[in-house]
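The sequence lines fix the lettering, A, B, ..., with proteins before strands; numbering per chain opens at 1.
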There are 2 protein chains.
Amino acid sequence: MVKKVAIERNVLSENDRLAAVIRHRLAERNVICLNMVSSPGSGKTSLLERTLGALAGRINVALVAGDVQTENDAVRLTRAGGRIVRPIITGGACHLDAKMVTRALDEIDLDGVDLLVIENVGNLVCPSSYDLGENMKVVLISTTEGDDKPQKYPSMFRRSSVFIINKTDLLGLSDFSLERARENALRINPDLRVFELSCRTGDGLQPWYDWLIELTGGIV
Amino acid sequence: MVKKVAIERNVLSENDRLAAVIRHRLAERNVICLNMVSSPGSGKTSLLERTLGALAGRINVALVAGDVQTENDAVRLTRAGGRIVRPIITGGACHLDAKMVTRALDEIDLDGVDLLVIENVGNLVCPSSYDLGENMKVVLISTTEGDDKPQKYPSMFRRSSVFIINKTDLLGLSDFSLERARENALRINPDLRVFELSCRTGDGLQPWYDWLIELTGGIV
């Protein structure tokens, strides 16, 4: 058991080393990087589809889309106007790691890119342990998932800088309370920036777009 | 890397050994065991709450509820009438393993129990690799998650015997197609028994109850 822990630590510190290289590489090119994490089906891809459409011509976005299997998300993002989209199929692994992202970045021309968005595997547990060289983790939940998710998956909320509550159009169809979700999350991490939005109706998307433009120095 | 794989294999085979012991222990007492797996927020706990209420006095159910943090689910299940409920807090681990279940079973009096339900950690990836000594895995998704989940998390669907599509009351509020979800799942595992239901309205719950009664030889 001691052996196992020791080796996991080695794997993680190797990951951290690679993540630091990614971070340096992106900073040199003034590329801001977000690592998007959530349960399967919270709406990471839908949010990115809308965001690509809304910010076309204002922020130059590159995307890395991770999935256990299929390139579905990468295909959706390309269709939504993503010019630079690299899929990563983890082939069973429950998270992206810095090595996979390094390989994906080797195939991306970062010239002129303002924002790199990494869409992680749908999983609220494992991806929290892997630094991918991002500037911030963005954690999403949807209003159909239950407002106690921050308490149940605290590590992810502790390590995220932004908390997005998606599918606000479905409020009232479950017992989900926006207020409780916000409170539960802020109790774990008071520094979280919270967005409440609906990718379906478009409600609440503008503050998210404005924030991305401010973050990347994009065209207002 | 070779070293890491070797050790993971050892961990798994130790898990398989413990799972075989659990399976034997439950079979001796004629206890049927289901391992419920899904994303966070698909409605495992809600389904179990309804099921406990509906089958009270007909099937004697014991429950093991796993969570990364909090005993929220165990508390909900006890409130719903669960007489025998054991929480397992994994403390960060992304799945239950046979060792945790063994420890939980040591504190459960199985006399007269017909059905043991293990509610796994909300995660569609990692729990697929861990045999907990169950007779069957039951995988849930909800209609708000997207109908391509079977393709994206094939291992879980391949290793499950039952596929439950929950939140059918929210159909029409997203692009989710019951037919596509069913087809995607059956393409991966043609032997899946499929239930389509809504824990909120109660629609479709009766066939699930009937199946559980048949499975356990409970009182019709």
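The local environment of CG in B/D106 is crowded, with over 12 non-hydrogen atoms from other residues, nucleotides or ligands closer than 6.0 Å.
The heavy-atom pair separating B/P154 from A/Q69 by the smallest distance is CG-CG, 3.4 Å. Taking all atoms of both residues into account, the shortest heavy-atom contact from A/R200 to B/S174 is NH1-CA, 3.7 Å. B/G92 and A/V125 get closest at one heavy-atom pair: O-CG1, 3.5 Å.
Neither the backbone nor the side chain of B/S155 comes within contact range of chain A, judged by heavy atoms closer than 4.5 Å.
Looking only at side-chain heavy atoms (C-beta outward), B/L173 and A/L170 come within less than 4.5 Å of each other. You'll find the side chain of B/C126 reaches within 4.5 Å of the side chain of A/N123, heavy atoms only.
Between the side chain of A/K152 and the backbone N or O of B/E71, no donor-acceptor pair lies under 3.5 Å.
For the atom pair OH (A/Y153) and OG1 (B/T70), the distance works out to 8.5 Å, reported to the nearest 0.5 Å. Put simply, CG on B/D73 and CG on A/D148 are 7.0 Å apart, with the number rounded to the nearest 0.5 Å.
Per-residue heavy-atom pair counts under 4.5 Å with chain B were compared for A/I89, A/L124, A/N72, and the maximum is reached by A/N72. For the options A/G122, A/S128, A/A93, heavy-atom pairs under 4.5 Å to chain B are most numerous at A/G122.
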Between A/S39 and B/S39, is a side chain to side chain donor-acceptor pair (under 3.5 Å) present by the stated rule, with each step listed?
CA-CA 6 Å; A/S39 303; B/S39 304; 5.9 Å; no

